[in-house]
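All residue numbers refer to positions in the sequence shown, counting from 1.
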Amino acid sequence: MRARHEALARDVMTIHAHRFMAVYGYRKTLIQLRRQGWVGVGRDQVLGVMRSLGVQGVRRGRTPGDHAAREK
């Protein structure tokens, strides 16, 4: 199981290192992994691997923050 987890982590990092895929979150990363042949992988597993690696997708729009601090 550990070898499979390490292989999955390696493929996630390969996807994230790609220039155009560096903005992918766990959903698009999962889709790309399935295209590469990872059939038995779930979204929660991909999310866990991405969290353990410290990798996350890019969020568009406003950054979440404290509205009370902006009013002052």
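Sorted by first and then second residue, the pairs that involve residues 7-23 and meet side chain to side chain donor-acceptor pair (under 3.5 Å), not counting sequence neighbours, are D11-W38.
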Given the rule in the side chain to side chain contact (heavy atoms under 4.5 Å, CB included) test, do Q36 and I15 qualify, once you have shown the distances and angles that lead to the verdict? CA-CA 10 Å; Q36 292 178 1; I15 290 169; 3.8 Å; yes

Side-chain atoms of residues 47-56: list all donor-acceptor pairs with protein atoms under 3.5 Å, sequence neighbours left out, distances to 0.1 Å.
from : atom 1 : to  : atom 2 : distance (Å)
S52  : OG     : G48 : O      : 3.4
S52  : OG     : V49 : O      : 2.8

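Between the CD1 atom in I31 and the OH atom in Y24 there is a gap of 8.5 Å [rounded to 0.5 Å].
You'll find the side chain of V41 reaches within 4.5 Å of the side chain of R4, heavy atoms only.
Under a 3.5 Å cut-off, the side chain of R34 and the backbone N or O of T29 do not form any donor-acceptor pair.
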